[in-house]
Amino acid sequence: MTVRVRIAPSPTGNLHIGTARTAVFNWLYARHQGGKFIIRVEDTDISRSRDEYTDNILKGLEWLGLNWDEGPFFQSQRLDLYRQAVQTLLDKGLAYRCYCTPEELEQMREAQKARNEAPGYDNRHRNLTPEQRETYETEGRKPVIRFIIDGDRQIFWQDKIRGKMSWKGSDLGGDMVVARTPEGDEPFGQPLYNLAVVVDDMEMKITHVIRGEDHIANTAKQILLYEALGGEIPEFAHSPLILNTEGRKLSKRDGVTSLDDFKNMGFVPEAIANYMMLLGWTAPDSTQEIFTLEEAAKLFTLDRVNKAGAKFDWDKLDWINSQYLHKMSPEILVDLLIPYWQNAGYEFNSEGDRSWLIELTGIIAPSLTRLSDAVAESRLLFGDSIIFDDKGQAQIEQEGVKEIFAAILTAIADYPEMTSEDAKAIIQQVTKEKKVKKGFVMKSLRAGLTGELQGPDLIQSWVLLHRRGWDKTRLQSTVDS
RNA sequence: AGUGCUGUAGGCAAAUUGGUUAAGCCACCUGUCUUUCAAGUAGGCGAUCGCGGGUUCAAAUCCCGUCAGCACUACCA
């Protein structure tokens with residue numbers, strides 16, 4: 001039997017980080033098993049679904065590296081299938097028309113709440129007489145279709161992550177709505193989520209449903225639907241949720257939750273995918289944490305997925321991201337950095353200055369945590385002028401600094417092309433000549449060159465500045481001041 | 001309110017399924033390197049395994065009880 005799993009996003013917003021994590025787990029499982037990873041867009045709620053979100057979700061999954069084998073399929077194009085299923089349920093007497101109005105239902109729930117009871121439908125229209133039905137029809141009331149849930153039924157399944165699960169029918173909130181109120185003259189309206197999911201999973205021969213634990217209650221309802229429709233019940237695996245710092249389910253309200261947000265903050269897809277898989281899963285040897293999707297796929301099994309929810313930890317994500325940035329070659333990293341520099345308005349030509357930019361990338365790479373850090377890390381190395389911070393300013397105002405700079409300016413005139421060795425030699429020479437400590441020269445030079453007292457390696461920075469003639473303009477401005 | 005799930009250091013987590021001082025990573029602290037910072041490297045601090053009983057020579061692991069957190073209870077997905 002070939003394993004077939006799916007990710008079923010709903011296009012009611014941009015790709016959410018929780019959806020991305022579920023997608024990662026599904027992808028890893030499919031690849032580990034040599035199975036198929038399928039995408040199905042659950043857009044049955046037409047009022048909330050939008051094409052731009054679908055686009056965003058698909059692009060996001062692609063960007064993460066989660067290539068799929070089938071789809072994307074769209075539920076909105078498969079409505080007939082669901083309608084047939086609803087009709088089947090009706091024909092078999094497993095579903096019925098409920099004429100309750102939203103107001104009546106609301107009243108019922110409030111009454112239940114007042115009595116301190118769990119809210120749920122009381123199945124009041126399950127056994128309507130033909131006369132009652134006729135009355136409602138003539139009143140012009142349009143029915144929803146409800147699927148009968150046997151309160152005495154005990155539903156079991158063996159969850160691949162949580163083990164034995166058990167649910168009682170009477171705790172499912174009453175007979176469930178599977179089709180909405182019809183808009184026009186149809187016999188029933190838009191089929192709903194739980195039904196569509198089951199119909200699709202049956203039809204697409206999904207073997208393993210891997211999803212978040214917020215779907216546990218749905219599972220019991222869906223199993224009943226599988227039985228009613230005569231489908232083979234797949235395996236279920238409910239992963240823990242991603243929690244915010246307060247320990248609640250991460251939601252849009254927490255601000256940064258869409259994959260785009262993470263992308264814009266300077267995280268690379270490899271790092272995000274890596275962190276996502278670590279949220280709940282541990283490799284067999286339990287010590288390795290840096291994995292590409294392909295590496296993890298070789299080791300991924302559901303029984304090593306943890307059951308407890310995991311709080312999202314920015315520090316850890318940052319660290320993982322830095323690991324990827326640090327081992328990336330400058331030739332590749334530079335292309336990721338260029339947009340940030342452009343955005344910052346730095347002075348360069350992405351083609352003409354490419355080799356210079358690659359060199360710059362090599363210098364600042366070790367200090368990058370996020371791509372966006374490149375702006376601050378390289379700020380001191382762009383432009384013919386500089387801005388001094390307090391410490392830098394204090395340094396160049398010290399006795400003898402201008403003379404040192406003048407000597408250096410004289411020296412570099414002899415070096416149209418200056419190497420690191422040349423730079424060191426110049427420093428050595430000036431130190432001797434001015435009879436000062438080498439540390440003083442270095443510190444002053446750093447201040448005169450970058451305006452600050454700390455930053456990337458001084459020699460390398462200088463060589464870089466020299467190649468664009470900015471060391472001369474910068475030092476000269478101090479000498480002239 | 002019901003139902004379900006979960007509970008190991010600040011965070012992520014492991015523990016060959018009862019057996020020596022409860023792994024590892026992030027964060028934090030320190031040394032080292034670089035005459036700067038970061039990175040790297042070496043080391044360190046931090047947990048009476050939610051709590052209370054019980055079984056046992058031995059329990060994070062088994063049993064009973066208890067508490068807490070979260071999720072779900074839509075004509076959303």
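Residue numbers start from 1 in every chain, and the chains themselves are labelled A, B, ... in the order their sequence lines are given, proteins ahead of strands.
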Look at the side-chain N and O atoms of Arg162(A) and state whether any lies under 4.0 Å from the OP1 or OP2 oxygen of C5(B).
no
Short N-O contact, Arg248(A) and Glu246(A), less than 4.0 angstrom:
no
Does a side-chain N or O of Lys249(A) approach OP1 or OP2 of C72(B) to a distance below 4.0 Å, or not?
yes
Would you mind telling me which of U3(B), A39(B), A15(B) lies closest to the side-chain atoms of Trp167(A)?
U3(B)
Thr282(A) side chain N/O closer than 4.0 Å to the phosphate oxygens (OP1, OP2) of A14(B)?
yes
Between Arg304(A) and Lys437(A), who's closer to the 5' end of RNA chain B by nearest nucleotide?
Arg304(A)
Asp171(A) side chain: which of U6(B), C76(B), G2(B) is closest?
G2(B)
Is there a salt bridge (Lys or Arg N to Asp or Glu O under 4.0 Å) between Arg370(A) and Asp373(A) once you walk through the steps?
CA-CA 5 Å; Arg370(A) 304 178 186 176; Asp373(A) 293 338; 5.9 Å; no
Touch check for Asp457(A), heavy atoms < 4.0 angstrom, all strands: base, sugar-phosphate only, or nothing?
base
Gln323(A) side chain N/O closer than 4.0 Å to the phosphate oxygens (OP1, OP2) of G40(B)?
yes
Integer-rounded Å distance: G11(B) C1' and Leu278(A) CG:
12 Å
Listed nucleotide nearest any side-chain atom of Leu105(A), set C37(B), C70(B), C75(B)
C75(B)
Looking only at side-chain atoms of His215(A), point me to the closest of A77(B), A71(B), G2(B).
A77(B)
Of C75(B), A39(B), C26(B), the nucleotide closest to the side chain of Asp313(A) is C26(B)
For Ile364(A) versus Ser378(A), what's the shortest heavy-atom pair and its separation?
CD1-CB, 4.2 Å
Hey, does the side chain of Arg109(A) come within less than 4.0 Å of C75(B)'s phosphate (OP1/OP2), counting only N and O?
yes
Stacking between A71(B) and His238(A), yes or no? Criterion: centroid separation under 5.5 angstrom, plane angle under 30 degrees.
no
Touch check for Lys438(A), heavy atoms < 4.0 angstrom, all strands: base, sugar-phosphate only, or nothing?
base
Of the candidates C12(B), A1(B), A77(B), the side chain of Lys311(A) sits closest to C12(B)
Which of these nucleotides, C5(B), U6(B), U73(B), is closest to any side-chain atom of Glu213(A)?
C5(B)
Over all atoms of both residues, closest heavy-atom pair of Ala447(A) and Gly392(A)
CB-O, 3.8 Å
Is it true that Asp159(A) and Lys164(A) make a salt bridge, defined as a side-chain N closer than 4.0 Å to a carboxylate O?
no
Among A14(B), C26(B), A74(B), which nucleotide sits nearest the side chain of Asp315(A)?
C26(B)
Among the nucleotides C72(B), U6(B), C5(B), whichever has the atom closest to the side chain of Ala308(A) is U6(B)
Side chain of Ser286(A) (C-beta onward), nearest among A14(B), A71(B), G4(B)
A14(B)
Please work out whether the ring planes of Tyr346(A) and Phe382(A) are parallel, tilted or perpendicular, with thresholds of 30° and 60°.
parallel
Just to confirm, is there a sub-4.0 Å distance from OP1 or OP2 of A14(B) to any side-chain nitrogen or oxygen of Asn306(A)?
yes
